[in-house]
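Note that the numbering runs from 1 along the sequence shown for the chain.
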Amino acid sequence: MEGPHAAAQLFAEAGLPIDVAGEAERMVPLNNLIMLYEAAARMTGDPLLGLKTGRAMIDAYGTWVAYSRAAPTLRGCLQRAARAIAYHQTGTALRLSTSGSRAQFTYHIFGLRPAERLQHLQHTIPALLSSFRCYAGQHWKPDWIELDVAYDQRIEAMARALSVPIRSGSHAMAFAFPSRLLENRRNVRSEPLSQPGWRDLKTMVQGRPPNAFSALVRETIHLDLLTGTAQINGVADRLGLGPRTIQRRLKAESSSYRQLVSDVRMERARTLLAGSEMSVTEIAFRLGYSDSTHLTRAFAQSQGMSPIAFRRANKGL
């Protein structure tokens, strides 16, 4: 909408290297994603950018959503989504609750998070609506939507766009609906069944976000190395923790920040040597080494061969 220069500015404002957009397998901290949506809405001047983005992403959530929507009833769909969200993202939870004739499906975001997160919440709504409509009909709407943000005029714009009442200031985002809908069966005529196979589910489990702390730090180092640096202070800022806390928790897992940086550098070096035409010098600078000699020495000690020898043996694999 705004052009490539604006995109670079947008990612910088959200604290993300723009190169992450070209790495489909790279995970980003949820807080950075939230800030990215807010910055994009400010840049475009569109208070409903999150909602519009979500409408373009209805079926783009992968195996997690396909597995949920393959359940025979709405109750089963929501229960599957709540169980399997850990294979899509961490720091959040989905919960189904009922009280008599009323039910709520709630999206919780835990821990420290940006106060401005309305756009992120907006982008989740179309996919949730789509899942409900697989069982309740194509034109179904919740009785109301709750949001865990303070009221402002953007919420009125959301309510008009969705034709659904919105209540702000709640403890979490939620859809409210009659509990009798939970037993509705999937409408296979209007929504063709897409049942994930065993291989799909295995891939989803293997590709889950990190659950061990050291794995979380490793993934954050991967992200920071896209800009050629991986200082512990920067990683600490992304995770909302102090550097000493990171060191202490890594030690409890028999790991260290220095070792994780070394491991990630070697992993990215192998990937770039085998899959790109970059020179060893360029790769060295990309990974934060002062020159190619330091990379060559570290690579030989870790891999038992020089970067050039590794590239010859693995080019095109």
Quiz item: Under a 4.5 Å side-chain heavy-atom rule over Ile, Leu, Val, Met, Phe, Trp and Tyr, are Leu121 and Leu128 clustered together?
Solution: yes

Quiz item: How close do Gln122 and Gly50 get, heavy atom to heavy atom, and via which atoms?
Solution: OE1-N, 3.6 Å

Quiz item: In terms of hydrophobic clustering (I, L, V, M, F, W, Y; side-chain heavy atoms under 4.5 Å; direct or indirect links), are Met35 and Ile18 co-clustered?
Solution: no

Quiz item: Just checking, Arg270 and Phe310: is the charged tip under 6.0 Å from the six-membered ring centre and within 45° of the axis?
Solution: no

Self-check item: Side-chain heavy-atom pair Leu162, Leu51 within 4.5 angstrom cut-off
Solution: yes

Exercise. Mark yes when over 12 heavy atoms from residues, nucleotides or ligands other than Gln231 sit less than 6.0 Å from its CD; otherwise mark no.
Key: no

Quiz item: CG/Leu94 to CE/Met173 distance, rounded to the nearest 0.5 angstrom?
Solution: 9.0 Å

Quiz item: Should Phe285 and Ile283 be regarded as members of a common hydrophobic cluster, given that ILVMFWY residues are connected when their side-chain heavy atoms come within less than 4.5 Å of each other, either directly or indirectly?
Solution: no

Quiz item: Do His108 and His171 touch side chain to side chain, with heavy atoms closer than 4.5 Å?
Solution: yes

Quiz item: Any luck finding a side-chain donor-acceptor pair between Arg95 and Thr106 under 3.5 Å?
Solution: no

Quiz item: Do Thr90 and Met27 come within less than 4.5 Å of each other through their side chains, counting heavy atoms only?
Solution: no

Exercise. Evaluate the side-chain proximity of Tyr135 to Leu181: yes if any heavy-atom separation is below 4.5 Å, no if none is.
Key: no

Exercise. Classify the ring geometry between Phe132 and Phe105 as parallel (under 30°), tilted (30 to 60°) or perpendicular (over 60°).
Key: perpendicular

Quiz item: Salt bridge between Glu116 and Arg154, side-chain N to carboxylate O under 4.0 Å?
Solution: yes

Quiz item: What pair of heavy atoms forms the shortest contact from Met266 to Ser302, and how long is it?
Solution: CG-OG, 3.5 Å

Quiz item: Rounded to the nearest 0.5 Å, how far apart are CG of Leu201 and CD of Gln206?
Solution: 11.0 Å

Practice problem: State whether the side chain of Arg286 and the backbone N or O of Ala284 hold a donor-acceptor pair below 3.5 Å, judged by distance alone. | Solution: no

Self-check item: Short side-chain to backbone donor-acceptor contact, Ser262 and Arg258, under 3.5 Å
Solution: no

Exercise. Verify, without hydrogens or angle tests, whether Asp200 (side chain) and Gly197 (backbone) share a donor-acceptor contact under 3.5 angstrom.
Key: yes

Practice problem: Give a yes or no answer on whether the side chain of His123 reaches the backbone of His120 with a donor-acceptor pair at less than 3.5 Å. | Solution: yes

Quiz item: Atom CD1 of Ile109 and atom CD1 of Ile34: how far apart are they, to the nearest 0.5 Å?
Solution: 4.5 Å

Quiz item: Taking atom CD1 of Ile166 and atom CD1 of Ile125, what is their separation to the nearest 0.5 Å?
Solution: 6.0 Å

Quiz item: When clusters are formed by joining ILVMFWY residues with side-chain heavy atoms under 4.5 Å apart, either directly or through shared neighbours, do Leu287 and Ile308 land in the same one?
Solution: yes

Quiz prompt | Heavy-atom pair of closest approach, residues Leu49 and Gln119 | solution = N-OE1, 3.5 Å

Quiz item: In terms of the angle between their ring planes, are Trp140 and Phe177 parallel, tilted or perpendicular, with boundaries placed at 30° and 60°?
Solution: perpendicular

Quiz prompt | Which atom of Ser131 lies closest to which atom of Cys77, heavy atoms considered | solution = CB-SG, 4.4 Å

Quiz item: Between Glu38 (side chain) and Leu118 (backbone), is there a donor-acceptor pair under 3.5 Å?
Solution: yes

Exercise. Go through the steps for Leu250 and Ser214 under the test side-chain contact (heavy atoms from CB on, under 4.5 Å), then give the verdict.
Key: CA-CA 6 Å; Leu250 288 176; Ser214 57; 3.8 Å; yes

Exercise. Look at Asp19 together with Arg26 and state whether they make a salt bridge at an N to O cut-off of under 4.0 Å.
Key: no

Self-check item: Hphob cluster co-occupancy, Leu30 + Leu241, side-chain heavy atoms under 4.5 angstrom
Solution: no

Quiz item: Out of curiosity, Asp143 CG to Arg167 CZ, how far, rounded to the nearest 0.5 Å?
Solution: 9.0 Å

Practice problem: Take Met158 and Ile145 through the test side-chain contact (heavy atoms from CB on, under 4.5 Å) and record every step on the way to the result. | Solution: CA-CA 10 Å; Met158 282 180 61; Ile145 295 173; 5.9 Å; no

Quiz item: Hey, is the main chain of Arg102 close enough, under 3.5 Å, to the side chain of Ser99 for a donor-acceptor pair?
Solution: no

Quiz prompt | Leu10 side chain reached by Leu36 side chain, heavy atoms, under 4.5 Å | solution = yes

Quiz item: Any side-chain heavy-atom pair from Leu33 and Gln89 closer than 4.5 angstrom?
Solution: no

Quiz item: Going by heavy atoms in the side chains, are Tyr87 and Val205 under 4.5 Å from each other?
Solution: yes

Quiz item: Val264 and Arg218: which non-hydrogen atoms are nearest, and at how many Å?
Solution: CG2-CG, 3.5 Å

Quiz item: Considering all heavy atoms of both residues, which atom of Asp291 and which atom of His294 are nearest to each other, and what is their separation?
Solution: OD1-ND1, 2.8 Å

Quiz item: Any donor and acceptor pair, going by atom type alone, linking the side chain of Arg268 with main-chain N or O of Leu226 inside 3.5 Å?
Solution: no

Exercise. Just do the side-chain contact (heavy atoms from CB on, under 4.5 Å) check on Phe175 and Leu129 with the steps written out, would you?
Key: CA-CA 9 Å; Phe175 275 22; Leu129 282 173; 3.8 Å; yes

Self-check item: Rounded distance [0.5 Å steps], CZ in Arg238 versus CG in Asn233
Solution: 13.0 Å

Exercise. For Gln9 and Glu2, test the side chains for any donor-to-acceptor distance below 3.5 angstrom and give the result as yes or no.
Key: no

Quiz item: Do the non-hydrogen side-chain atoms of Thr293 and Arg297 ever get within less than 4.5 Å of each other?
Solution: yes

Quiz item: Which is it for Leu295 and Arg265 under the side-chain contact (heavy atoms from CB on, under 4.5 Å) test, yes or no, and what are the steps along the way?
Solution: CA-CA 9 Å; Leu295 169 60; Arg265 276 175 163 170; over 6 Å; no

Quiz item: Is any side-chain N of the basic residue among Glu183 and Arg75 closer than 4.0 Å to the acidic one's carboxylate O?
Solution: yes

